Amino acid sequence: MANSLGFSEKVLKIAAGIPKGKVLTYKQVATLAGNPKACRAVGNVLNGNYDKKVFCHRVVRSDGNIGGYNRGISEKSRRLTEEGVLIVDNKIK
């Protein structure tokens, strides 16, 4: 039952569902998880994730900056570029 999931589980489920070549912002993920003001919490949840089926690299900042990544920003940029996301100066275009 989806409503019985905690915030962290919701965040991971949402990130796992982001299609290749697409991104969501931390705020969008927080909103979809039920708490629009929990952008930092989304980042904290994703920072602790190492499950390859959860696409943390597809979550970016609202200002277009690619944001952080627990495997390094260069790896996040590489993965997004490989998936067809245009990045210039660490910003999504």
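What you are looking at is a predicted structure, and each value in this text was computed from that prediction instead of being measured. Values below: all heavy atoms of this structure, side chains included; hydrogens, waters and symmetry mates excluded.
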query: Can any side-chain N or O of Asn70 pair as donor or acceptor with the backbone N or O of Gly48 at less than 3.5 Å?
result: no

For Val42, the rest of its hydrophobic cluster, which grows through side-chain links under 4.5 angstrom: Phe7, Val11, Leu12, Ile14, Ile18, Leu24, Tyr26, Val29, Leu32, Val45, Leu46, Val54, Val59

- request: Would you mind listing every salt bridge (Lys or Arg N to Asp or Glu O under 4.0 Å) that reaches into residues 41-58, with sequence neighbours excluded?
  value: Arg58-Glu83

statement: Rounded to the nearest 0.5 Å, the OG atom of Ser77 sits from the OH atom of Tyr69 at a distance of 11.5 Å

- line: Rounded to the nearest 0.5 Å, the NE2 atom of His57 sits from the OG1 atom of Thr81 at a distance of 10.0 Å

query: Atom CG in Asp89, atom NZ in Lys91: separation rounded to 0.5 Å?
result: 9.0 Å

- line: Distance col, row Gln28:CD vs Ser62:OG, nearest 0.5 angstrom, shows 7.0 Å

- prompt: When rounded to the nearest 0.5 angstrom, what is the spacing between CZ in Arg79 and SG in Cys56?
  reply: 9.0 Å

message: Going by the rule side-chain contact (heavy atoms from CB on, under 4.5 Å), which residues pair with Lys37 if we only count those two or more places apart in sequence or in a different chain?
response: Asn35

task: Output all residues satisfying side-chain contact (heavy atoms from CB on, under 4.5 Å) with Asn44, sequence neighbours left out; order by chain, then residue number.
output: none

- prompt: Can you get from Val60 to Val85 by hopping between Ile, Leu, Val, Met, Phe, Trp and Tyr side chains that sit under 4.5 Å apart?
  reply: yes

- prompt: Under the side chain to side chain donor-acceptor pair (under 3.5 Å) test, which residues partner Arg78, sequence neighbours left out?
  reply: Glu75, Glu82

query: Roughly how far, to the nearest 0.5 Å, is the CD1 atom of Ile92 from the NZ atom of Lys22?
result: 12.0 Å

field: Residue pairs involving residues 61-73 (criterion salt bridge (Lys or Arg N to Asp or Glu O under 4.0 Å); sequence neighbours excluded)
entry: Arg61-Asp63

Closest heavy-atom pair and its distance - Ile73, Gly68: CG1-CA, 4.4 Å

message: So does Ile66 get a backbone contact from the side chain of Lys76, meaning a donor-acceptor N/O pair under 3.5 Å?
response: yes

statement: Minimal heavy-atom distance between Ala30 and Cys39, with the atoms involved, is CB-N, 4.0 Å

